Amino acid sequence: MAGNTGSIVGVNGNMITVAFEGAVSQNEVGYARLGELRLMSEVVRIRGRHADLQVFEDTAGLGIGDQVEFTGELLSVELGPGLLAQIFDGLQNPLPQLAEQCGFFLRRGTYLKALPRDVRWAFTPTAKVGDKLTASESLGHVPEGIFEHRIMVPFGWRGTATVVEIAPPGSYTVEQCIAKLKDEQGQVRDVAMLQRWPVKVPIEAYAERLRPTEPLTTKVRIVDTFFPVARGGTYCIPGPFGAGKTVLQQITSRYAEVDVVVIAACGERAGEVVETLREFPELTDPRTGKSLMTRTVIICNTSSMPVAAREASVYTAVTLASYYRQMALNVLLLADSTSRWAQALRETSGRLEEIPGEEAFPAYLESVIAGFYERGGVVRLKDGKTGSVTIGGSVSPAGGNFDEPVTQATLKVVGAFHGLSRARSDARRFPAIDPLESWSKYPSLVPTDMVESARRVLRDGNDVGQMMKVVGEEGTSLEDFILYLKAEYLDSVYLQQDAFHDVDCATPAERQRYVFGFIDRLLQKPIGVKDKAAARRLFHQLTQATKDWNRAGMGSTEFRELEEKLDKLVAEVS
Amino acid sequence: MQKVYHRVESIAGNVITIRATGVTYRELAEVESRAGTSLAQVIRLNGDEVALQVFAGARGVATDAQVRFLGHAMHVPFSDALLGRIFTGGANPRDKGPVLNEGLIDIGGPSVNPAKRIIPRRMVRTGIPMIDVFNTLVESQKLPIFARAGEPYNPLLARIALQAEVDIIILGGMGLKHDDYLFFRDTLEESGALSRTVMFVHTASDPVVECLLVPDISLAVAEQFALQGKRVLVLLTDMTNFADAMKEIAITMEQIPSNRGYPGDLYSQLAARYEKAVDFDTAGSITILAATTMPGDDVTHPVPDNTGYITEGQFYLSNGRIEPFGSLSRLKQLVNGKTRDDHRAIMSGMIQLYAQYKETIEKQSMGFRMSEWDVKLLKYGERFEREMMDLSVNIPLEQALDGGWRLLADCFEPIESGLPSKLIQRFWPKTAAVTAA
Ligand SMILES: Nc1ncnc2c1ncn2[C@@H]1O[C@H](COP(=O)(O)OP(=O)(O)OP(=O)(O)O)[C@@H](O)[C@H]1O
Ligand SMILES: [Mg+2]
């Protein structure tokens, strides 16, 4: 180390002010010395000979004059085989290993290597001596779980790299040299499987960015049919507390049709992560037959963990997601909750005494949020294959009011909006996505005209429902009343979905098309009943049979019997 | 080595500033002045300027007060001798018992490594149908009661505490009315639970800074018991007073408020406390039940709002009843799949019907004609409120579920209940007096 050190001249919460002499850069990592401990920190502002650093740990015990070592490096993560199935904190410390070392509690100042150093990976070279490559092009690959993990020219490589030497097939650790590459200046450098990347810098080593158009099936009916998400797209789930953001993300993380899922538990409850990290290893991924954990990475910086590391955690997550995208995989990043990340920014900004914007959020909030979602996308890699990072972020607006800075800034940049409503969650209409307020710019997996006509039924039925509150049932025509019942029916049997039922929890694309086809026909049909009581009765029956249908495995005898029952009910009245 | 400082530079609210060196962040100091001696804690360092928060309040502290730094952060004694004892918010005896000095532990320690937590799996039975059936309480859950001031949240807390099968009860009182403090003490005593209880009580007339210490002290002690394998229940009442105490300090320190004067880190501060609730892998557990009064009966007020985002649900107490809407136990699905096959279906089915009843009530109040369906809902809703929601009902879960089926059968035809056909076949009472449609 160059021995660039400074000394503390102020402590305010997790913010320290450090007087320094040498050169210090913005976002550089420094370590505050506290006896034997070294507390990791990041430079967030430099003014004259004073740098403000946010400390990723509790600052109790630090005092004036304590030393800070600057590293000259930006906050970075390790990339390489062995990331999958891991559980990291926001700074990429592996939590299970930390528990082995420190016991029940987290211990400040303890940092572990993210990638295991003793594991050997079976490397197969694909590049040959003399090949001219650029950043991110393949040198070879190793098997990681179900994937072929590409070993690539480091993303930060400038210009062409000429392969001088390449390791023969064999087992190597992540730190062993697997290739010698010569840069344009003629300098030869050793390259290992492990590379480091600064989290706040997007990885842009690809051929071009494409428009997200291909649907990403989440198996949540209201999402896939009405408010779809595209591979490489972005979406947000704002909602008041308890409206179902986390449950929606949890089921998406289980059933979504993607290769890799990165879960960023950002400033939320530890218990929720525990459910994932204890259950995923036991659950099998129907697509691969392997444990769900083998396609998952969890970044866990829960609400009682240090706030500055919470800010870093979403960047850690998106960097890992982008890394797997570079291997032509489809990656889904789920961040819960982006509001907690924004609040971390607010806390830092407050301690820096910056001029606050709305609700004391910093003035640059919007651009920071936009910058984060911009890191999603579909890209064509240099070998012509595509990879994608889809980002879904939950938003926790104060008071459940969407008219607040984080929700508004997010809505400006995402491609789909799944707004959860308190009224729906109170009425236990889960998932509580408001069908009238939400929107998506991406294509649905059922034909557009069908979705449009169903949407009309919802809207008109809702209007009738509102009218009925004014004029009563007696003031409503039978025809309108049936429209109202149709909307209610569509809501309860299709929009609502039981996340905790073995079958109903996930509806594959094919089944959605099939069931929606039936519902569409029913909605189009004129219903011949003599009065409102008869209409209500009919829809009670239809609703119950369709819900039973949802709970039956597709193709089972029960499924067919219920379908017949439904057909008969419909035939009787049309 | 313990240098004494004699000159206080400034006094604002409960915060004093002095010039000193060799001081560390969060260190404790003793402040001695004509008003008496109090502990104080370092809350900001700026060069040689040290800001201290005085626990007993700065009232009466003069510029010539003596400040002596203690070289350590706040800690409390921990041993079994705590059981049956009552302390102030500053951990001094409030009863006539001796001062304890043994086994000092830090307060506000680091969080539990998520990898050392397990998924909670034990139901806490309360005998209250609105909890057991509809929003099941689970060991290690953190859950507040949201209520307007004046609602019986303290009796409800006490009732749950006594009914729950736990090893240790810890009561953390913040801004507690003296009567309420005596109520807790007497109730616990009468039921013989006092000997497994530790109380840290800050009453409305005590110094406000001590209020800030109550959650940390209570939870630090709870954590030690839990590590010994005990199942600990912590009652925190009223967390809104805690939040208001934080607001006071933040304003004194001239922090930029984010929402209605509350500091921007209100969420993180509350979370740091509530997240102490835990089910340890290979040790005991901490369950936290809190009271959060809602100023103006407004759930969107920053304190209940931030709390709702942190806790694992809430019981919404209104007019002496736990309201089904607004109340939620997020952990219920971890246990209600194993209680009885019909539990989940009854839980959501009955609430959906009750929601429809509420709509009917609205229609009725507008003077609309009641359809046959409305009439059924009215009958259902009234009985639901009487047989399920009334807090005087005290029956085991199974009996409540049976009651639910009976109630449904008395009011509806099976098909109208919206419940899965398979369960109807199994559980629908055969002798029900079904009103012919
Ligand atoms: N799809 C669903 N099916 C059934 N129940 C649900 C569903 N979604 C949510 N719930 C119920 O609502 C509760 C709260 O959901 P969740 O924890 O996802 O809320 P949230 O929006 O993430 O809240 P917060 O912002 O406080 O984290 C769940 O514990 C569950 O009981
Ligand atoms: Mg959540």
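These figures come from a predicted structure and were not determined experimentally. Letters go in sequence order (proteins before strands), and every chain restarts at 1.
For T311(B), the part lying near chain A is the backbone, with the side chain staying farther off; criterion is any non-hydrogen pair under 4.5 Å. Heavy atoms of N12(A) lying under 4.5 Å from chain B belong to its backbone as well as its side chain. Of the two parts of R428(A), the backbone and the side chain both hold a non-hydrogen atom closer than 4.5 Å to a non-hydrogen atom of chain B. For chain B, the nearby parts of S396(A) are the backbone and the side chain; heavy atoms of each come within less than 4.5 Å. Residue T59(A) touches chain B through both its backbone and its side chain, counting heavy-atom pairs closer than 4.5 Å. The contact between E347(A) and chain B is made entirely by side chain atoms (from C-beta outward), counting heavy-atom distances below 4.5 Å. In this structure, chain B has no heavy atom under 4.5 Å from any part of R107(A). Of the two parts of T21(B), neither the backbone nor the side chain holds a non-hydrogen atom closer than 4.5 Å to a non-hydrogen atom of chain A.
Not less than 6.0 angstrom separates the ring centroid of H343(B) from the ring centroid of F134(B).
Judged by the 6.0 Å distance and 45° axis criteria, R340(A) is positioned over the aromatic ring of Y309(B). For the pair K116(B) and F104(A), the distance from NZ or CZ to the six-membered ring centre is under 6.0 Å and the angle to the ring normal is within 45 degrees.
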Exercise. Could you walk me through whether W373(B) and F412(B) pass the ring-ring contact (aromatic ring centres under 6.0 Å, His included) check?
Worked result: CA-CA 9 Å; W373(B) 174 241; F412(B) 303 108; 5.5 Å; yes

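Chain B is approached within less than 4.5 Å, heavy atom to heavy atom, by E353(A), E354(A), P356(A), E359(A), A360(A) from residues 352-362 of chain A, ordered by number.
Judged by distance alone, the side chain of S111(B) and the main-chain N or O of S304(A) form a donor-acceptor pair under 3.5 Å.
No other option in L227(B), I119(B), N46(B) has as many heavy-atom pairs under 4.5 Å with chain A as I119(B).
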